[in-house]
Structure formats: structure tokens, C-alpha cells
Amino acid sequence: MDRTGTPLVELRDISIAFGGVKAVDHVSIDLWPGEVVGLLGHNGAGKSTLIKVLSGAYQKDSGQILIEGKEAHIASPRDARRHNIETIYQTLALADNLDAPANLFLGRELTTALGFVDDSRMEAETRKIMTRLNPNFQKIKQPVSALSGGQRQSVAIARAVYFNAKILIMDEPTAALGVHETKMVADLIKELKKQGLGIFLISHDTREMLDLCDRVSVMKNGKLVGTERVEDVTEDDILSMIILGKNPKAAA
Amino acid sequence: MTDTTTKTGTKTSTETRPHATASKRGFLGQMELDLRLLGMIGAFVVICLIFQFLTGGLLEGRFLTPRNIFNLTIQTVSVAIMATGMVFVIVTRHIDLSVGSILATCSALMAMTQTMYLPDWLNLGLGNPITPWVAILVGLVAGTAIGAFHGWLIGYLTIPAFIVTLGGLLIWRNVGWFITNGQTIGPLDPTFQTFGGINGTLGETWSWVVGVVAAVVAVAAIWSARRSKQRHDFPVKPAWAEAAVCTLVAGGVLGLVATLNAYTIPDARLERMFAARGEVMPDGFTAGYGLPFSVLLLIVVAIVMTIVAQRTRLGRYIFATGGNPDAAELSGINTRLLTVKIFAIMGALCAVAAVVASARLTNHSNDIGTLDELRVIAAAVIGGTALSGGIGTIYGAILGALIMQSLQSGMAMVGVDSPLQNIVVGAVLIAAVLIDIIYRKRLGVR
């Protein structure tokens, strides 16, 4: 893993508070091209909040976001997309009443020369990417509410992958999935990594994280406990960071 | 032994599955018609037949006469126009209780523009060629501005739509009163009155022209959709089913035109029309009314709104926001501005409805549009718009308005007491929603 030059993303000293609660408290992390960085921590540790600052869903109170060395102002999801940041949310963020193509292209519809939405072209594109991601996917024209958890997940993933993301944020991408689909997501992460994307991955599954990530950052009560390369730590080390909020290596 | 049975069992079931789905798609399935639409059309036909029987039997009944159908269509227009806008409002999980009052304010402004402001300030009298158009423009601007203002309060200041439009219900009803000092303003400009229905129709020849063009365009649209599907190698329904749908659509359009043409202008009125041109009416001359301008206006509104709903980004965002507001926002959709646009469209349609409603009455009266908000919401809901958001169609809302109006005027023809009429309409609204809920549960769709 080459970590020289400029990182793809640098979050510097990010803070965000809701009311009196400091959800994220002066946290700095970075991400390099072709790297997967895992975010670990209890529920409410601030992982999702931190990542939503990058995806434009929340506004930071203080701190800096640097994309490829240049300061980026991300005030909305639209801004994040302009910086080639794509997010797969824990809730998937799908409009249940619309079909897969409408969801995939939501906010970025393909249009005809007259400016109308081009449904058949979007459907054709969706079929194309779906045969790559999930060949079993058939129900293209049905509302996504009619799909299984895994199929819904592949729509959300397809949406993130289709638009040539450079930075991918995945919030618990395998939480709702079966064994087969979890493997599919893991393979995809490895494939995207090879293509040089940077990926932030949030998960509760420590073993999965050690398997997929290059580095892991652990958060507790809004603060960063530490960031470690996976080859330097054991599963037990990480667990104690999550539970005790102390970095055993720093203590040693 | 058990093993074998299970094996064969699984095998047969996998083999027969595609077959079973194919046979389940029976006659109607192959036509790929919307079952909800069919249900509504069925309900409408049943209502018409019941009233036909009650007013004198299948052949002698007074309900399904050209005259009554003509009246039914022109009575439906105003509510139907607003119902198309209410679909967008309800689809995005909002409500608009102020449409009747906005209609009253727009109507008051347009009436005052024609009868007071233009004549007094600009010296342009009634009958001046620009009078009706200036009046309509004033109404449209006012309606759009009021709607946009409501949308701003709802979207940007996050006041619930129920409260904003409940306030609006009182405010705009009485702004209209204030503008006119509570007086009835009329008569309105003769050209303006042609939007009301009976005072402005296309006549037989032009009605046929419009009908034929509409039928051809509809068939062409169905055909081009099929071609587009084939181009992308998507499955299409069999040619005979496509042809049957085309026949039904074209037949419906031409049948309506034939019916409206069959309602002939009374002799006395024809004589006056000839006299006005300085001619004498030939003996035995008859002429049908044909398509009223107001119905034509409704058709145009319906087509535009359907295109907006199905073919534009705005429509896509409206339905996405209704289905999942958070997802819409995370996809970069500006849902606040979207709210402003939706209510602005609603306001503009209230103004259009105000033109039709006041033109039909030939004057502006203080109570114009009273209780229209409830009729409009009921029409949209009967037409299948889900209050939980994300689901609704323009044609459904128009059909809903038509069903409500035919119930109401049918009962009036039969001589049902006024309170009973409203009791029935209320009960029908609740029953329609119940049927819709049951239907959606059965089909497993939301």
C-alpha cells in the first residue's frame, strides 16, 4: 500500500454537535487511492455522522475536508456527488415506489434531446450494470419495494458504482444480506479497490473488517481512539479499542 | 421413496413455474391494462347505468342523454383541473385545503380586472379583445404567486401544509370577499364566458377534427412506445392486445365527440345566433354543441400534467420525494424548492379552474368554489392517490372527479334530498379508500 503523495480524502479536525451532544469531536482521518479504511465503534460512536459530513448529508461545525489536496466545500449531497463521492447508506435511501432504473438515476436522469426523461435508455443501462453486479436481478420494472433485501442492496450499490465514483462510502453494506450476497459485496469491494477507488467502510463485523480493510479507525463517544494498519493489530486489539476506548499499542 | 417424491416435486414445480405465470396472465393480463383504472371505469359505468334505470329505464332514462352527458362534463371540469394538481400535492405527502378559496380570490381578481380595473383605469370596456386575456393573466399570476407563497411557508419555514392551507382557506376566501366588497360581479366579458362550457363550444365539424386528431395521436403514441420497447429488446404485449387497446382508446374518444355533437342547440338560440349575424335561419336547420372549450382546456391540462408526471425530472422528483423524502434529499434533490413548485402549480391550476367556474356562472359570486377543496381532495383520493405519498395518477384524479360529479347530479335528477346526497358522497369517499386499501393488500403493493 503506497501512502506517499497526496491522499484522496483528508478529514481534518472535524467536529459536529447536535444540541449539546458532540457527535463528532475533533476527528481526523484520511484515505488513499486504492485503499479501504474501516470505521469501527459502538452504535452512537459517531461513525455514520462523520461519514455523513463527507457525503453532504450533515454540515460540519468546524474542520476541513480536503479532496486530492484541495479544500472542498460540501454543503449538500449534490456537492459531494460533484466531487465524485458516492454513498451507500445504511437505509439504502431508495424511493420504494419507483423501479430500479428510476432509483439508480435519481437526481441524475438521462434525458432525451427534448429534455424529457429517457426511461428506455435508463432501463437498458440498468440492465447492463445489473448483469455485471448481480446477474440474478430480473425485476427491473417493478417498484423496489417488491425486491428482496439483497436485490435492493444491489440497486443501491449499482447507483454508487455506475457514476464512476472516486470515493465510495459504504455504511453497513452487508448488514441485511445473506452469505452469498455478502460475498458478492466483498468481491466487489476488492474489485473496486483494484480500480483505484478509495473506500470508507462502516461495519460492526470486526472479522469482515480485518479481511477487507487496509486500515481501521476506531471511534468512541465521538472521539477517534486510533487508526491502525490491519497487519499491525489483532482482532482482540480492535475489540479492546472499541470497548475500552484505549489504543493498546499506544499504551504499551 | 420420500427422496424421489421431493425431487420430482421440486422438479415439476420449477418446470411449471414459467408456464403458470404465463397462463395466469389471462386476457386482461396480456392487454397489460391497469386494473385500478379498469375498476374505476367499471364503477363509473355501474353508476351511470343505475341512474339511467332510476330515471326511466335503459332506453328512456334521462341520465345517459347527450344533454346530461354534456352537462356532466362541463360541471366536472373545474374540480377536475384542480384535482390534477392535488395529485402532486398529495403524492408528496402534503395537503391543500385552500384550493376553493384560492379559486375565489383569483375569480374575484379576474372579475374586477374585467369590469372595474381595465374599464376605469385603462378605459378598456367589456368586449375589448385584450380584456379577457389580461384578466386571465392577472388570475394566473395571482394564483401562482399565492401557491408559491404557501409552498415557501411549507418548504422553507417548515410549517405543516395542513396548517398553512387551513389558514389559507380562511384568508383567501375573505381576500376575495374584500376585493369585491362581497358583491356579485358580472356579467363577465363575452369572450371570457366562452371558457365556461355552454357558451363556448367547438361545433360539430371542429369537434370531429379534434376527435380524429386525438385518436390518431393516441394510437401513434401507443405505437411509438411499442417501437421503443422493441428497439431495446424489451418484451412487448402481443399485437392483437395492442390493437385492442388502440381500438378502445380511439373508440372512446370518438364516442365522446359523437355524444357531445348529438346534443343540439335549441332552435330559439340558433335563431338568435343567425339573427346576430344578420341572417335568417333556414328551415329544419340543426347544429350540435360539440366539444366545449372548457373540456378541451381540461384535456390539455391533463395531457400536460401527465407528461410532467411521467416524462420530466420534476415529475420524477415529485414521486421520489413522496416515496422516500430522505432518499430524495440524499440524491441531491432540492425538496424545499420542489415544494414551492408543487404548490405554485396547484395555485396556477386553481386560477385556471377559476376561469372555468366563473365563466360558467357568467359572473363572480362571493361563494364561488365553496367546499371545492373537499371535492378536489376526494376526487384525487377516489382516483387512487395515496395519502401516504408516492402513488397517484392524473387520469385517476379526473375519473374520480367525474365519478363524484355523476353521483351528485344523478342523485339530484332522481330527486334525492340534498342532505342525503352529501351523506352518500361522503360514504362513497370512505368506501373507495377502503376498497383501494384492500386491493393494494391483495396485490402486495403499497
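Just so it is clear: chains get the letters A, B, ... in the order the sequence lines come, proteins before strands, and each one is counted from 1. Only this structure's heavy atoms are used, side chains among them; waters, hydrogens and symmetry mates stay out. Only a predicted model underlies this, so the values are computations on that prediction, with no experimental measurement involved.
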Does A:N97 reach the main-chain N or O of B:F319 with its side chain, forming a donor-acceptor pair under 3.5 Å?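 Between the backbone of B:F319 and the side chain of A:N97 there is a qualifying donor-acceptor contact (under 3.5 Å).
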Under 3.5 Å, side chain of B:R316 to main-chain N/O of A:F105, donor-acceptor pair present? no
Which of the residues A:N103, A:I140, A:L98 is involved in the greatest number of heavy-atom pairs with chain B at under 4.5 angstrom? A:L98
Using heavy-atom distances under 4.5 Å, tell me whether [X] contacts chain B through its side chain, its backbone, both, or neither.
{"X": "A:A102", "value": "both"}
{"X": "A:R159", "value": "side chain"}
{"X": "A:D79", "value": "neither"}
{"X": "A:E123", "value": "both"}

In the structure I gave you, are the side-chain heavy atoms of [X] and [Y] within less than 4.5 Å of one another anywhere?
{"X": "A:R81", "Y": "B:S331", "value": "yes"}
{"X": "A:L106", "Y": "B:I333", "value": "yes"}
{"X": "A:S76", "Y": "B:E329", "value": "no"}
{"X": "B:D326", "Y": "A:Y89", "value": "no"}

CG/A:D119 to CZ/B:R311 distance, rounded to the nearest 0.5 angstrom?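 Between A:D119 CG and B:R311 CZ, I get 5.0 Å after rounding to 0.5 Å.
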Nearest heavy-atom approach of A:T111 to B:R313 is CG2-NE, 3.8 Å
